[in-house]
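Residues take their numbers from the sequence shown, with the count starting at 1.
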Amino acid sequence: MKRIFGTHRYLVSATALCALALTACGTTQAEDSGPATAAKPAKGADAAAPKPDAEPGHQESAQLLTFMTFLNKVAEPCSPDHPKEPPIADEAPATASASLPPIPDGPPSPDELNPGSYKGTEEDKKAEAELEARNKCVTKAHSDRVTEAVKGLKAPAQVRGSLNRSGYVDSVLKMREQPGTGTRFSLDLGSVCLTGTADGSASPPVEGHEVLDPENPCPRL
C-alpha cells in the first residue's frame, strides 16, 4: 500500500514537471519569434546612455573663481600698499577662547546710549577717506574698461560678447535693447555698479553708482 502511494506521488510530480517544461518551451519560442526579439536592447544601449556629471556646478564654481580673480586684478592698482596675500595670523593661546570680556565699571557712556553721537577719531576719518578714494579708483578702472569694450557697438549680441571677452560674466550683466538708440546695460560688481548705453559712438556713456542697497545695487534699466 505504501508502494502504490509512493508511485502515485511520483506520477503527480512528473506531470507537474512536464507542465512546467512545456510552459518554459512555449515561452522560449515566443521570445525567439515575432516582435518579441525587437524588444531586446541593442548592444550599444549602455554606451549611449547619458552619464551623470561627476560634480554638478563645478563649471559654475570655476567661472566664479575666475571672475573673482579678474575683479581683484582690476582693483589691485587702486591699493598699492595693500598686500596681495593676507598675512597668516598667529595661533591664539588655548585659554583665549575661554576668557570672558571684562565687565565695565559704572554706567554706560553717552556714546553707547546714543551711537549717533559717536565722533570718529582721526584714524577713522583717514581710513574712511582711503576707502572712498579706493572705491572711486576701482569704479573708474571698470568704467574705462567697459567704455573701451562697448565703443562702436549697438546690437545686444555684440555688446554681450565684447563684455564677456573683457572679463564680465553673464551673471552680473543685464541688458535691454532700446530701438533707435542702442543697448542699455548694467554691471553688478558687488561694491561697484555700472550702467551705460552702447549707442555706437566712440565714447559711449558709462556711469558708476554708489551701492546703497546690497540686495539691489544697480538701478533698473
Backbone of V146 reached by a side-chain donor or acceptor of D144 within 3.5 Å: no
About how many Å separate CG of L163 and CZ of R145, when rounded to the nearest 0.5 Å? 10.5 Å
Is it the case that the side chain of D124 and the backbone of T121 share a donor-acceptor pair, with hydrogens and angles ignored and the cut-off at 3.5 Å? yes
Quiz question: by atom type and distance under 3.5 Å, do the side chains of D199 and S201 form a donor-acceptor pair? yes
Are L189 and L131 connected in the hydrophobic side-chain network, where two residues link if heavy atoms are under 4.5 Å apart? no
I need the K174 NZ to R220 CZ distance, nearest 0.5 Å. 9.5 Å
F67 and Y168 have their tightest heavy-atom pair at CE1-CA, 4.1 Å
Is the number of heavy atoms from other residues, nucleotides or ligands under 6.0 Å of E128 CD greater than 12? no
Check: T69/N72 side-chain N/O donor and acceptor closer than 3.5 Å: no
Kindly give the heavy-atom pair with the smallest separation between V211 and C193, and that separation in Å. CG2-N, 4.2 Å
N164 side, atom CG; D170 side, atom CG - distance, nearest 0.5 Å: 4.5 Å
Report the distance from atom NE2 of H209 to atom CG of L194, rounding to the nearest 0.5 Å. 7.5 Å
Test applied, side chain to side chain contact (heavy atoms under 4.5 Å, CB included); reference residue, K126; option that passes from E130, E123, E122: E130
Identify the heavy atoms of L221 and S186 that sit nearest to each other, and give their distance. CD2-CB, 3.7 Å
Search all heavy atoms of G200 against all heavy atoms of K154 and return the closest pair with its distance. N-CG, 3.2 Å
Mind listing the closest non-hydrogen atom pair of P214 and P217 along with its distance? O-CD, 3.5 Å
If you count heavy atoms of other groups shown closer than 6.0 angstrom to CD of Q63, is the number above 12? yes
